[in-house]
There are 4 protein chains.
Amino acid sequence: MADQKKLTRAEQKALRPIQILDAAFEEFVRNGFTGARVDDIADRVGVTKGTVYVYFETKEKLFEAMISHFSVPFQELLAITASLSGSAADRLMSMLGLLYDQIAEDRTTRELTRLVISEGQRFPDLIDRHHDQFIAPVIAKIDNLILEGVESGEFREIPVEFSDIVVAPILTTTVLRLIFDDRRVPTPDREAFLRTYFDLLFNGLLVDRR
Amino acid sequence: MADQKKLTRAEQKALRPIQILDAAFEEFVRNGFTGARVDDIADRVGVTKGTVYVYFETKEKLFEAMISHFSVPFQELLAITASLSGSAADRLMSMLGLLYDQIAEDRTTRELTRLVISEGQRFPDLIDRHHDQFIAPVIAKIDNLILEGVESGEFREIPVEFSDIVVAPILTTTVLRLIFDDRRVPTPDREAFLRTYFDLLFNGLLVDRR
Amino acid sequence: MADQKKLTRAEQKALRPIQILDAAFEEFVRNGFTGARVDDIADRVGVTKGTVYVYFETKEKLFEAMISHFSVPFQELLAITASLSGSAADRLMSMLGLLYDQIAEDRTTRELTRLVISEGQRFPDLIDRHHDQFIAPVIAKIDNLILEGVESGEFREIPVEFSDIVVAPILTTTVLRLIFDDRRVPTPDREAFLRTYFDLLFNGLLVDRR
Amino acid sequence: MADQKKLTRAEQKALRPIQILDAAFEEFVRNGFTGARVDDIADRVGVTKGTVYVYFETKEKLFEAMISHFSVPFQELLAITASLSGSAADRLMSMLGLLYDQIAEDRTTRELTRLVISEGQRFPDLIDRHHDQFIAPVIAKIDNLILEGVESGEFREIPVEFSDIVVAPILTTTVLRLIFDDRRVPTPDREAFLRTYFDLLFNGLLVDRR
DNA sequence: TATGAATGAGGGTTCATTCAT
DNA sequence: TATGAATGAACCCTCATTCAT
């Protein structure tokens with residue numbers, strides 16, 4: 001705030017909407033759509049309420065713009081996984097590791113998930129976009145990786161609806177962190193978590209199988 | 001409403017708070033804490049706003065009472081699992097099946113989960129109670145079952161923080177149903193889901209495990 | 001305000017909407033629809049803004065209700081004129097005298113006319129209702145009276161669109177009083193005005209006709 | 001807007017205030033003083049809000065300037081009537097015909113009348129100026145014409161407050177057009193209207209007088 | 001002269017809460 | 001116990017006005 005004094009008018013202006021979106025993110029996350037106050041969002045930026053309305057017509061539009069702003073589709077993630085090599089298991093692990101980082105460990109995505117859960121009913125479009133841009137591509141990718149593993153003889157054949165199960169530990173970690181946020185349930189150690197996750201995923205719980 | 005005519009006045013009175021809690025559940029679920037209106041809750045019961053305040057001091061207290069009312073601890077579930085017999089795997093499957101029914105398939109618990117995620121920050125006590133009454137006992141039970149399996153030589157030994165991973169498909173299904181509610185992601189068939197879930201949990205994804 | 005203390009709750013309640021409508025009339029007349037403040041209307045009644053909204057959903061609805069409340073159709077006036085006897089001229093004079101009293105001399109109708117002129121564009125229904133309930137019946141009545149006079153040989157035959165001209169002095173007086181309200185143009189003496197009005201209406205300005 | 005391209009910069013500048021006054025007229029007419037938005041006025045001209053404030057200190061000053069700009073006193077009208085010849089009746093008819101054209105048929109004057117009626121209370125000076133520049137001179141002129149007619153033996157002698165009555169059909173037509181604007185009451189045909197108006201004015205309604 | 005970002009004082013509306021009945 | 005009129009504190013949004021550029 002102090003060093004923004006040096007910015008020119010034009011720079012300020014280009015910055016404003018982003019500052020507001022950032023502030024909106026924090027307030028909407030903390031209080032939900034209805035609970036958040038435009039006044040508080042403005043305060044966070046250091047401007048007055050009116051200024052928010054210079055850039056966003058309504059609180060609702062601001063909310064939607066904020067969601068769009070922070071919802072950077074998993075383009076890169078999918079791109080990376082496309083270039084993976086190695087066994088199907090290796091590629092699946094790489095993908096799940098990336099997903100873990102992007103969903104469970106990244107605060108932004110995590111809190112976006114909270115908003116999707118809590119405000120989804122009020123903003124159905126939000127859900128649709130979230131599904132199309134996040135869920136569907138990821139699920140499709142996982143399906144593919146598993147199918148390839150099946151075809152190469154690495155993986156056992158498994159009904160098609162199972163992808164949720166494969167990624168479940170990631171979403172579950174995300175949700176538990178949203179709920180407990182280090183209060184009761186400690187944030188798991190990334191490496192240890194993934195090790196156990198993958199071990200169970202690939203080998204299962206039973207000692208002696210067949 | 002029609003068959004309540006048969007109730008005596010005393011019964012009516014005893015019913016009021018519960019009717020209000022039921023109505024509160026629906027409104028809070030639909031609109032969140034801030035978004036829900038006491039007026040709408042009263043309307044649902046067929047009384048006026050003032051009546052709600054006869055039974056509950058504030059909207060906040062009503063919310064908390066509602067959560068308590070619907071949060072029936074998994075006493076019976078834990079009791080049932082205590083009396084299970086058979087192999088560790090059998091007992092674990094029984095427990096997970098029960099959990100699935102109670103969390104993923106039961107609308108009340110599911111929506112309670114939504115409220116825990118969306119309103120938890122505003123009601124920290126809610127989180128604590130939820131943890132103590134739901135999460136902790138369940139996790140402990142799972143831990144136990146697995147430990148027993150390890151001791152009996154059925155299960156491989158696995159780090160202690162893994163229980164989340166074991167139940168993850170259940171919470172994930174719950175959350176996905178909260179988000180999409182049959183709009184994009186179809187509700188999975190219970191039997192097929194559990195079959196795959198357990199198959200993966202016990203045997204893992206790999207074809208050839210020595 | 002002081003003596004309302006004696007009223008029972010029920011009496012108060014029955015009175016409230018009317019008190020509000022009265023207050024609304026004054027504020028809307030003084031400041032127009034946009035300029036009037038709900039707060040000031042409430043103040044006038046001695047209640048708070050919220051109370052106004054107990055009775056009227058929006059400022060717009062309040063405005064419309066106020067107009068309806070004060071727009072008592074000229075039922076009685078028309079009824080009276082229906083029972084008139086005497087020559088056509090006598091009956092026409094009686095009618096015009098009544099009209100003068102109801103439109104030009106009655107503050108309520110006069111100010112209602114101001115609102116019709118100033119807010120009509122924003123409230124087209126207002127205009128339609130005003131036309132159907134006030135203008136049209138009066139015009140029709142005048143037309144009839146003149147037609148009867150023509151048929152009985154009292155009046156000269158005159159094109160049908162002239163009724164406006166016959167009542168023009170009344171509307172003109174109304175509008176001038178609205179504009180000047182005794183500031184520049186003194187309010188005319190009723191008797192003198194009507195005498196001249198009728199003299200001109202019946203006999204015209206020319207000394208020697210034919 | 002297209003042909004303004006040809007104007008020099010200096011011409012443009014000289015035009016600005018007038019463009020703004022024109023735009024202000026339309027917006028104030030449509031929405032009243034309080035309802036009109038400076039932003040919309042600026043939009044109409046194709047400039048921004050700030051520009052309006054370059055030329056006019058406040059919205060109120062702009063309103064007053066606009067009224068002054070469009071209130072071109074009836075100088076020419078009075079000048080023309082000064083040069084009239086013929087009988088008193090002829091001269092009166094000429095004058096009333098001109099008045100009809102300037103008041104009832106000219107949209108600008110008509111809408112100015114609306115503003116005088118609706119905003120007069122908020123701008124008392126407006127009323128005074130309107131009276132001094134419009135009403136008083138016209139009334140005086142009419143008075144004169146009639147007096148001359150009386151002196152020449154053409155007109156009957158009539159109390160001095162009657163001038164309103166003589167011009168009433170003009171103001172009435174104006175007001176009715178303001179209210180109904182061709183929606184319910186059709187705009188009268190000029191010639192037919194004036195013919196009836198003058199016929200009634202001079203000859204009265206009665207068949208047999210004296 | 002013109003811009004337009006920013007302000008800030010409201011204004012309409014909502015709604016949890018109170019309390020006399 | 002139940003009502004519902006009334007309150008008043010917010011909250012969203014608007015808009016006349018300012019001012020640095």
Side-chain angles (χ1 to χ4, degrees), chain A residues 8-10 12-17 34-42 45-62, chain B residues 9-10 12-14 16-17 34-42 45-62, chain C residues 8-10 12-17 34-42 45-62, chain D residues 9-10 12-14 16-17 34-42 45-62:
Chain A
T8 68
R9 259 279 155 117
Q12 265 288 21
K13 141 111 212 213
L15 222 52
R16 266 296 119 84
T34 314
R37 288 159 39 187
V38 175
D39 237 335
D40 289 341
I41 293 172
V45 181
V47 297
T48 59
K49 215 174 5 176
T51 305
V52 173
Y53 284 92
V54 170
Y55 295 92
F56 302 94
E57 283 179 64
T58 62
K59 187 186 180 185
E60 211 157 304
K61 291 244 176 82
L62 171 57
Chain B
R9 200 167 213 99
Q12 266 285 23
K13 281 181 189 176
R16 264 298 120 83
T34 315
R37 292 165 47 196
V38 176
D39 238 335
D40 290 340
I41 293 171
V45 182
V47 298
T48 59
K49 219 172 4 175
T51 305
V52 173
Y53 282 89
V54 169
Y55 295 93
F56 303 93
E57 283 180 63
T58 65
K59 188 186 178 185
E60 213 157 303
K61 292 247 174 78
L62 170 58
Chain C
T8 67
R9 259 274 156 120
Q12 264 289 22
K13 142 110 212 210
L15 223 49
R16 266 298 119 83
T34 314
R37 288 158 40 188
V38 176
D39 237 336
D40 289 341
I41 293 171
V45 182
V47 298
T48 59
K49 218 171 8 171
T51 303
V52 173
Y53 284 92
V54 169
Y55 296 92
F56 302 95
E57 282 179 64
T58 63
K59 188 186 180 184
E60 210 156 302
K61 292 246 176 79
L62 170 58
Chain D
R9 201 169 211 99
Q12 266 284 22
K13 281 181 189 176
R16 264 297 119 84
T34 315
R37 291 166 47 197
V38 175
D39 238 335
D40 290 341
I41 293 171
V45 182
V47 298
T48 58
K49 219 174 2 175
T51 304
V52 173
Y53 282 90
V54 170
Y55 296 93
F56 302 94
E57 283 180 63
T58 64
K59 188 186 179 185
E60 213 157 300
K61 292 247 175 79
L62 170 58

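In the text below, chain A, chain B and the rest are named by the order of the sequence lines, each starting its count at 1.
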Novice: D/Phe56 CZ to E/dT1 P: how many Å, rounded?
Specialist: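 Spelled out: CZ on D/Phe56 to P on E/dT1 is 12 Å.
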
Novice: Atom CZ of C/Arg37 to atom P of F/dC13: distance rounded to whole Å?
Specialist: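 Those two atoms, CZ and P, are 22 Å apart.
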
Novice: Determine whether B/Val38 and B/Leu62 make a side-chain contact, defined as any pair of heavy atoms from C-beta on separated by less than 4.5 Å.
Specialist: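 In short, these two side chains do not touch, never coming nearer than 4.5 Å.
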
Novice: Are A/Thr51 and E/dA5 close enough that a side-chain N or O sits under 4.0 Å from OP1 or OP2?
Specialist: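 False: A/Thr51 side-chain N/O out of range (4.0 Å or more) of E/dA5 OP1/OP2.
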
Novice: Rounded to whole angstroms, how far apart are OH on D/Tyr55 and P on F/dT17?
Specialist: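 So the OH-P distance, D/Tyr55 to F/dT17, works out to 18 Å.
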
Novice: Can you check the A/Glu60 CD to F/dC11 P distance for me, whole Å?
Specialist: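 The distance from CD of A/Glu60 to P of F/dC11 comes to 18 Å, rounded to the nearest Å.
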
Novice: Just jot down the side chain to side chain donor-acceptor pair (under 3.5 Å) partners of D/Thr34, sequence neighbours excluded, or say none.
Specialist: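 Listed in chain order: D/Arg122.
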
Novice: Which pairs with one or both residues in residues 50-61 of chain C pass side chain to side chain donor-acceptor pair (under 3.5 Å), sequence neighbours excluded?
Specialist: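 Found C/Glu57-C/Lys61.
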
Novice: Of B/Val52 and A/Lys59, whose closest DNA chain F nucleotide lies nearer the 5' terminus?
Specialist: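 Here B/Val52 is the residue nearer the 5' end.
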
Novice: Which part of the nucleic acid, if any, lies within contact of C/Ala36, taking any heavy atom under 4.0 Å across all strands shown: a base, the sugar-phosphate backbone alone, or nothing?
Specialist: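 Touches sugar-phosphate only.
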
Novice: Starting at the 5' end of DNA chain E and moving along, which residue's nearest nucleotide shows up first, C/Gly35 or A/Val47?
Specialist: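 The 5'-side residue here is A/Val47.
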
Novice: Can you run down the salt bridge (charged side-chain N to carboxylate O under 4.0 Å, His left out) pairs that involve residues 45-55 of chain B, sequence neighbours left out, and say none if there aren't any?
Specialist: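 The answer is B/Asp39-B/Lys49.
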
Novice: Report yes if some heavy atom in the side chain of A/Arg16 is under 4.5 Å from a heavy atom in the side chain of A/Val47; otherwise report no.
Specialist: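 Answer yes - side chains close enough.
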
Novice: Does a distance-only test, which skips hydrogens and angles, find a donor-acceptor pair under 3.5 Å between the side chain of D/Lys49 and the base of F/dT17?
Specialist: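 Side chain to base: pair found, below 3.5 Å.
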
Novice: Picking from F/dT7, E/dA2, F/dT1, which would you name as closest to the side chain of B/Val54?
Specialist: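 Of F/dT7, E/dA2, F/dT1, F/dT1 is nearest to the side chain of B/Val54.
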
Novice: Nearest-Å distance, CD1 (D/Ile41) to P (F/dT17)?
Specialist: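 Between P of F/dT17 and CD1 of D/Ile41: 11 Å.
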
Novice: Quick check for you: among E/dT3, F/dA2, F/dA6, whose closest atom lies nearest to any side-chain atom of D/Thr48?
Specialist: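 Output: E/dT3.
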
Novice: Which sits closer to the 5' end of DNA chain E, C/Thr58 or B/Val38, going by the nucleotide each is nearest to?
Specialist: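 Checking each residue's closest nucleotide, the 5'-ward one belongs to C/Thr58.
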
Novice: Using the closest heavy atom to pick a nucleotide of DNA chain F for each, name whichever of A/Tyr53 or D/Tyr53 lands nearer the 5' end.
Specialist: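 Between the two, 5'-proximity favours A/Tyr53.
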
Novice: Within this structure, what is the CG-to-P distance between D/Asp39 and E/dA5, rounded to whole angstrom?
Specialist: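 In whole Å, E/dA5 P and D/Asp39 CG are 11 Å from each other.
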
Novice: Could you give me the stems involving DNA chain E, meaning stretches of three or more consecutive Watson-Crick or G-U wobble pairs whose two defining distances are both below 3.5 Å?
Specialist: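 Detected stem regions: E:2-21 with F:2-21.
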
